[in-house]
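Note sheet for the following structure.
Numbers restart at 1 for each chain; the letters A, B, ... are given by sequence-line order, proteins then strands. All values below come from the heavy atoms of this structure, side chains included, with hydrogens, waters and symmetry mates left out.
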Amino acid sequence: MKNVRTRFAVSPTGYMHVGGARNALFDWLLAKQKGGQFILRIEDTDQARLNKEAVSHIIDTLKWLGLNWDEGPDNGGPHAPYTQSERLDIYKEWGQRLIKSGRAYTDPYSIEEVESFRQAAQKAKKPFLYREHRPTNPPKWDGNQPLRLKSEPKAYKWHDEVLGELQAGPEAIDDFVLIKSDGFATYNFSHIVDDHLMEVSHIIRSQEFLASVPRYLNLYEALDIQPPVMATLPFIMAPDGKRKLSKRDHAKDVLDYARDGYLPEAIVNFLATLGWNDGTEQEVFSVDELVQKFSLSRVHRGGAKFDEQRLTWLNGAHIRQLNIEELYKRAEKFWPKDAEDAPNEYKKQVLAIVQERLKYLAELPDLTNFFFQGLPVDNSLITSHKQLKKLSVAELKELLTAAKVALKDGDFSVNDLTERLNKLLETTGQKPAVLFSLIRIATTQAPASPGLAETMAVLGREASLLRIEQQIDNLN
RNA sequence: GGCCCCGUCGUCUAGCGGUUCAGGAUAUCUGGUUCUCAUCCAGAAGAUCGCGGGUUCGAAUCCCGCCGGGGUCACCA
């Protein structure tokens with residue numbers, strides 16, 4: 001079987017959102033699964049939209065996602081360079097070949113003239129076809145005018161790994177620009193030359209290119225190149241479902257998810273299952289499982305909306321699957337400020353009891369603040385509690401004092417605390433809803449926290465008792 | 001407007017002529033897990049499979065028409 005080589009061909013115009021990331025992911029999954037190569041190619045042929053920082057930003061994004069490439073602009077490879085602006089001579093040479101074979105010619109018109117043709121077509125409610133204005137005697141190409149393909153309109157049928165058998169009539173074929181007047185090749189030309197030279201076996205791309213495929217097929221023929229296998233991905237739709245997701249819809253930078261504490265494997269899982277599934281009822285996949293199970297033939301034809309709630313759930317599921325050591329590594333940058341000087345072991349204990357509560361790591365400060373710092377006493381937590389607000393200050397003080405006494409001794413382990421708290425229920429005759437709530441509020445000063453015994457065991461005797469005392473002193 | 005693609009619970013989806021007039025997940029709601037939040041468990045509600053024809057003993061699944069949504073028609077990718 002032919003060696004599988006895929007590429008992520010990215011235009012460095014800005015950050016990368018989930019649409020681009022999914023595209024890269026599917027390329028990567030296919031290459032990994034088949035033991036082939038994944039190539040990163042920078043398609044910087046549009047000088048106007050070029051953004052110099054975008055390349056490193058995109059590289060950072062792919063690295064964070066774990067989508068490593070075998071050949072690319074930074075690590076090179078047998079078909080370097082992998083940045084199109086460094087390959088202009090190659091495109092010119094291939095352009096010359098087409099001129100020689102009579103399949104390319106100089107576009108003699110000005111931009112304004114072409115624009116007027118276009119507007120006339122639009123006005124007549126007809127698709128614009130440049131070839132209807134093809135010059136009879138074009139000048140020799142000197143590199144200062146656009147070079148166009150001399151197309152040979154005909155109907156095409158082709159196979160798409162996702163969409164199946166496709167076809168289009170000759171009206172889809174036109175004389176598109178191969179090389180612009182600024183000397184840069186268009187995407188339409190450069191990607192075909194590069195994919196061929198770089199021995200790319202599979203092109204996976206988004207649906208917006210579907211309408212152009214017949215023109216590409218025409219160019220492949222003119223160049224006498226065997227087209228790679230093609231696969232068309234459905235769109236990821238904006239939340240309103242009206243159109244494909246784009247930066248105009250405030251699509252987030254993938255690295256924003258990194259900053260919020262989403263796990264790359266959760267993003268990968270989410271993106272893979274947005275438009276693909278393995279036919280079973282499995283929802284949570286490891287990256288290795290995805291590599292093993294992915295197939296283009298099971299990719300959807302229809303677009304899917306980007307549902308961040310589902311991503312958040314999936315992220316929580318992946319967080320819960322991590323062992324403490326791994327979670328601790330991932331959480332490094334997300335601790336509250338006051339945790340700075342806390343011992344690693346203490347932080348791991350805290351992490352262990354909040355793990356099942358974390359949906360994304362940026363929640364860590366809110367969830368763990370009180371473990372690192374005594375929060376000011378907030379009596380509204382008691383006065384708004386539906387059971388505690390019925391008790392008098394004296395009664396509250398009495399209960400807290402009893403708790404202080406009962407918890408004074410023992411080893412302060414979870415078991416020890418549970419036992420003592422249970423005894424306290426008996427001696428005070430209170431319900432857990434009253435007694436435990438009160439102690440929990442006193443020791444955390446937080447509306448929500450992990451279980452009482454677990455929390456106090458981590459906080460330790462000193463802090464726990466001190467906080468109970470502070471609560472007593474501040475009741476009024 | 002031409003051409004092309006798509007159309008199953010709010011959302012992501014299973015389903016590829018009959019064990020499925022629809023399964024799972026998520027989101028929502030309810031109950032349970034000695035306190036809160038979360039996890040977990042149980043349960044509820046939620047899709048006349050875009051609509052209308054046809055083929056067939058039988059269709060979400062095949063065919064046709066219509067409607068709806070999207071893409072494309074750049075010296076952008």
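- Checked for salt-bridge contact, A:Arg148 and A:Asp175 miss the test: no charged N lies under 4.0 Å from a carboxylate O.
- Nucleic acid contact class of A:Ile439 (heavy atoms, under 4.0 Å, all strands): none.
- Side-chain N/O atoms of A:Arg310 include none lying less than 4.0 angstrom from OP1 or OP2 on B:A25.
- B:C9 sits 13 Å from B:G23 when the P atoms are compared, rounded to a whole Å.
- The base of B:C6 does not come close enough to the side chain of A:Arg301 for any donor and acceptor atom to sit less than 3.5 Å apart.
- The side chain of A:Ser212 places no N or O atom within less than 4.0 Å of a non-bridging phosphate oxygen (OP1 or OP2) of B:C73.
- Among the atoms of the strands shown, none is found under 4.0 Å from any heavy atom of A:Arg205.
- Ring orientation note: the planes of A:Phe372 and A:Trp335 are nearly perpendicular, at an angle over 60° on the 30°/60° scale.
- B:G50 is paired with B:C66 under the Watson-Crick or G-U wobble criterion, all donor-acceptor distances under 3.5 Å.
- Taking 3.5 Å as the limit, the base of B:C75 and the side chain of A:Ser181 contain a donor-acceptor pair of atoms between them.
- Comparing the same atom, C1', in B:G58 and in B:U13 gives a spacing of 26 Å after rounding to whole Å.
- The gap from the P atom of B:G54 to that of B:U8 amounts to 24 Å, rounded to the nearest Å.
- Heavy atoms of A:Ala172 sit nowhere under 4.0 angstrom from any nucleic acid atom.
- One finds no salt bridge joining A:Asp278 and A:Arg298 here, because no Lys/Arg side-chain nitrogen approaches an Asp/Glu carboxylate oxygen to under 4.0 Å.
- Across the strands present, B:U26 finds its partner in B:G10; the criterion is a Watson-Crick or G-U wobble pair with both atom distances under 3.5 angstrom.
- Ring planes of A:His191 and A:Tyr216: perpendicular class, angle over 60° (limits at 30 and 60°).
- Contact annotation: A:Arg118 side-chain N/O to B:A74 OP1/OP2 distance is under 4.0 Å.
- The gap from the C1' atom of B:A14 to that of B:A25 amounts to 11 Å, rounded to the nearest Å.
- Residues A:Phe306 and A:Phe270 bring their aromatic ring centres within 6.0 Å.
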